[in-house]
Amino acid sequence: MVWCHNCKERQPPVSHRPSLKHRHVPPATTPNVRGHRRRRRVPPSPMPKPHHAAPSPPPLLPLALLPPRHCPLAAAVLALLSVLLATALWLLLVLSPSQGAPPAASEHSALSDAGAALAGPGAASPLALGHIVFGIAGSAHLWPRRREYVRLWWDPATMRGHVWLDAGAPAAPGPSAAWEGSLPPIRVSEDTSRFRYTNPTGHPSGLRIARIAAEAVRLVGGGAGVRWVVLVDDDTVLCADNLVAVLSKYDWREMVYVGASSESHSANTYFSHSMAFGGGGVALSFPLAVALAQTLDVCIERYPKLYGSDDRLHACITELGVPLSREYGFHQWDIRGNAHGLLASHPIAPFISIHHVELVDPIYPGLNSLESLDLFTKAMKMEPMSFLQRSICYDQSQKLTFAVSLGYAIEVYPNVLLPRDLERSQRTYIAYNRMSQRNEFDFDTRDVQKSLCKKPILFFLKEVWKDGNMTRGSYIRSSGRDDLKRKVFCFRSPPIPDIDEIQVSSSPLSKHWHLRLLTEEFAEKTYWRIFFALEPLCGWCMILAA
């Protein structure tokens, strides 16, 4: 029996067997000697003694100590006390002074150190390369070849970061070993075999690459002087100066997720139109990187079916409620073949990166891939802010159009083309999935000119140098098989047939030109810069992108 104050005695369960006292037992009968049946007295079997008297009840307990299932009144009182206690704690937290208790020892050390860095004296100083930590994803068997791409843009004197491989990289043979100091240090990623991966078409290396952000945060510890964590691949070419200029627009003390989507519509549809593709580069503000490092391992366990690393990062950042901030200078370059159409129509934004450099043809004719990238990065470092920005000039007398992509090429059209048509990229390439339809690309494109007589004459960069405050470049005419055909089949002779070299001079642009409108003074200055550079060829000039 269980006793309760003001409660009835609990009855025994129905399933309890009743005592033998109440059970009906038929009497045993035996025949007598005269053939009559007589009743034989059967001795009673031993039975347990019935409970004639209930035991004395235990001493009454306070209502708060009684099991609530035994007493409805006790359950009601306990619920009321719980609500009052929770309300009191909430009011205590809300109305307490701002100076709270120190964080618990179980919190991640990087978070507390990051909070101190956010309020530090140098938090408002201008952004520099030393404030950025780079995480370069690679693999051990591809690193001996791809290290040359990283060497083109990496500066060990001003940059910090690591190359993260799946295993130790072999030492560079021969003379290349002496150049290892010009590369970022190498670290081996942690084992990720404990995580689930169920995508049938991908590779589990996406788990390892997705965790580079968390490993980089743990490696820098408190993050002294760290404001951004930038993730790229080992086959990416990066313009570090423009990266600093673009990230300076954002408040690094907030959670910021910067990058760009793919050029391929199919890739954006499969993954996400609001996802930053990591080959072109992903920039995470340090508070976001710290928050991501604390939740990443638990988060990626919820997404075993995802394909790679970028979609896992995007999924976990989405759970933190941080949207993508698009910057059009990041280029995933999910293309194959001739990249001329993209390079000659770069958007009005500072160039930051290109990816998949092994899948495209050499950028400059007559050079191999590595030599082309060497000249490409040389022009990029010479004048980063104006690199690949397009200027359009017109020769009214000869009805010619000059489209100058600084640091890359000059296109001379035998007719007048309006800026709206020139800003569309010629589809000289195909998508990464080998599709070439116009609707496969998530930007404005136009067909390659099929008419031989309307195709432009191309001049490609040959050399670039500094002349005081000016940057000068020499562009050499591309000798193509179409020159002879033009002379034979075209009614009008090819434009500027006697010119084999064009030199372009440019003055440095403002470091913040991409942050303000094109004022009248700025437009006039740019107009005369382009005009004097092409004065023998142009009657008047206009600017499309400076």
### Query
Using a distance-only test with no angle check, is there a side-chain donor-acceptor pair under 3.5 angstrom linking S272 and S274?
yes
### Query
Which value, rounded to the nearest 0.5 Å, describes the distance between N433 atom CG and I335 atom CD1?
12.5 Å
### Message
Given Y408, which partner from the list F460, F351, Y475, F459 fulfils the ring-ring contact (aromatic ring centres under 6.0 Å, His included) test?
### Response
F460
### Task
Indicate yes or no for a side-chain donor-acceptor contact from Q389 to the backbone of S405 under 3.5 Å, with no hydrogens or angles considered.
no
### Message
If you compare all heavy atoms of I136 against all heavy atoms of P184, which two are closest, and at what distance to 0.1 Å?
### Response
CD1-CG, 3.9 Å
### Verdict with reasoning, L152 to D374, per side-chain contact (heavy atoms from CB on, under 4.5 Å)
CA-CA 7 Å; L152 293 172; D374 187 29; 3.9 Å; yes
### Task
Indicate yes or no: at least one non-hydrogen side-chain atom of L373 is less than 4.5 angstrom from one of Y149.
yes
### Message
How long is the straight-line distance from CD of E148 back to CG of D234, given to the nearest 0.5 Å?
### Response
12.0 Å
### Task
Please step through side-chain hydrogen bond (donor to acceptor under 3.5 Å, both in side chains) for the pair N268 and D442, ending with a clear verdict.
CA-CA 8 Å; N268 292 331; D442 268 349; 2.7 Å; yes
### Query
Does atom CZ of F195 have more than 12 heavy-atom neighbours from other groups under 6.0 Å away?
yes
## Note on the structure
Smallest heavy-atom separation, F387 atom then G407 atom, equals CE1-O, 3.8 Å
#### Entry: Derivation and outcome, salt bridge (Lys or Arg N to Asp or Glu O under 4.0 Å), residues R187 and E215
CA-CA 10 Å; R187 295 191 68 89; E215 293 188 53; over 6 Å; no
### Summary
side-chain hydrogen bond (donor to acceptor under 3.5 Å, both in side chains) test vs Y303 passes for just one of E319, H314, R312, namely E319
### Message
Can you confirm whether Y429 sits close enough to N338 that some side-chain heavy atom of one is under 4.5 Å from a side-chain heavy atom of the other?
### Response
no
### Query
When rounded to the nearest 0.5 angstrom, what distance separates CG in D334 from OG in S262?
3.5 Å
### Task
Mark yes when over 12 heavy atoms from residues, nucleotides or ligands other than N368 sit less than 6.0 Å from its CG; otherwise mark no.
yes
#### Entry: Any Y413 side-chain heavy atom under 4.5 Å of L422 side chain
yes
### Query
Does the T471 side chain pair with the main chain of D467, one donor and one acceptor, at a distance under 3.5 Å?
no
### Query
Is a side-chain donor or acceptor of D241 paired with a backbone partner of P384 at a separation under 3.5 angstrom?
no
### Message
Using modelled atom types and a 3.5 Å cut-off, is there a donor and acceptor pairing between side-chain atoms of N199 and backbone atoms of K305?
### Response
yes
### Task
Compare every heavy atom of V188 with every heavy atom of A167, then report the nearest pair and how far apart it is.
C-CG2, 3.8 Å
### Task
Mind listing the closest non-hydrogen atom pair of D297 and I300 along with its distance?
O-CG1, 3.5 Å
### Task
Apply side-chain hydrogen bond (donor to acceptor under 3.5 Å, both in side chains) to T236 and D233, showing your working.
CA-CA 5 Å; T236 300; D233 286 356; 5.2 Å; no
### Query
Do I410 and L458 come close enough that some side-chain heavy atom pair is under 4.5 Å?
no
### Task
Tell me, please, which residues at least two apart from C239 pass disulfide bond (SG atoms under 2.5 Å apart).
none
### Query
Under 6.0 Å from the NZ atom of K450, do we count more than 12 heavy atoms belonging to anything else shown?
no
### Task
Indicate whether any N or O donor in one side chain lies under 3.5 Å from an N or O acceptor in the other, for D166 and S139.
no
### Task
Give the C-alpha distance, both sets of side-chain angles, the deciding distance and a yes or no for side-chain contact (heavy atoms from CB on, under 4.5 Å) between L247 and W252.
CA-CA 8 Å; L247 295 183; W252 65 274; over 6 Å; no
### Task
Using the salt bridge (Lys or Arg N to Asp or Glu O under 4.0 Å) rule, take D421 and R446 through it: C-alpha gap first, then chi angles, then the decisive distance, then the call.
CA-CA 8 Å; D421 298 324; R446 58 187 169 103; over 6 Å; no
### Task
Give a yes or no on this: more than 12 heavy atoms of other residues, nucleotides or ligands lie within 6.0 Å of atom OH of Y197.
yes
### Task
Using modelled atom types only, decide if a donor and an acceptor are shared between the side chain of T428 and the backbone of G341 within a distance under 3.5 Å.
yes
### Query
Judged by atom type as modelled, is there a donor-acceptor pair below 3.5 Å linking the side chain of S285 to the main-chain atoms of E254?
yes
### Message
Before you tell me yes or no, could you show the steps for V322 and V256 under side-chain contact (heavy atoms from CB on, under 4.5 Å), namely the whole-Å CA-CA distance, both residues' side-chain angles and the distance that decides it to 0.1 Å?
### Response
CA-CA 7 Å; V322 181; V256 187; 5.9 Å; no
### Query
Hey, what's the ring geometry for H273 with H265, parallel, tilted or perpendicular (30° and 60° as the breaks)?
tilted
#### Entry: Test log, rule salt bridge (Lys or Arg N to Asp or Glu O under 4.0 Å), inputs R208 and E190
CA-CA 7 Å; R208 177 185 68 85; E190 298 175 359; over 6 Å; no
### Message
Quick check: do V412 and T401 have side-chain heavy atoms less than 4.5 Å from each other?
### Response
no
#### Entry: S266 and T269, any side-chain heavy atoms less than 4.5 Å apart
no
### Query
Per the ring-ring contact (aromatic ring centres under 6.0 Å, His included) rule, which among W333, Y432, F277 passes with H356?
Y432
### Summary
Value for OG (S261) from CZ (F330), rounded to nearest 0.5 Å, stands at 12.5 Å
### Query
Taking the side chain from T198 and the backbone from P304, do they hold a donor-acceptor pair closer than 3.5 Å?
yes
### Query
Under 4.5 Å between any side-chain heavy atoms of R336 and V360, yes or no?
no
### Message
Under 4.0 Å between a side-chain nitrogen and a carboxylate oxygen: does that hold for R472 and E463?
### Response
no
### Message
Please determine whether a side-chain nitrogen of the Lys or Arg among E411 and R390 lies less than 4.0 Å from a carboxylate oxygen of the Asp or Glu.
### Response
yes
### Message
I need the minimum non-hydrogen distance between A315 and L306, along with the two atoms involved.
### Response
CB-CD1, 4.2 Å
### Task
For V229 and L231, run side-chain contact (heavy atoms from CB on, under 4.5 Å): C-alpha distance rounded to whole Å, both residues' side-chain angles, the deciding distance at 0.1 Å, then the answer.
CA-CA 7 Å; V229 176; L231 309 175; 4.1 Å; yes
### Message
Classify the ring geometry of F376 against Y364: parallel below 30°, tilted from 30° to 60°, perpendicular beyond 60°.
### Response
tilted
#### Entry: Sub-4.5 Å side-chain heavy-atom contact between V258 and V282
no
#### Entry: Salt-bridge contact K462-E501 (side-chain N to carboxylate O under 4.0 Å)
no
### Task
Starting at CZ of R477, measure out to CD1 of I457 and round the result to the nearest 0.5 Å.
4.5 Å
### Query
Only one of R434, E263, M435, R427 forms a side chain to side chain contact (heavy atoms under 4.5 Å, CB included) with E440, so which one is it?
M435
### Query
What pair of heavy atoms forms the shortest contact from L324 to G259, and how long is it?
CD1-N, 3.6 Å
## Note on the structure
Value for CG (L343) from CD (Q426), rounded to nearest 0.5 Å, stands at 12.0 Å
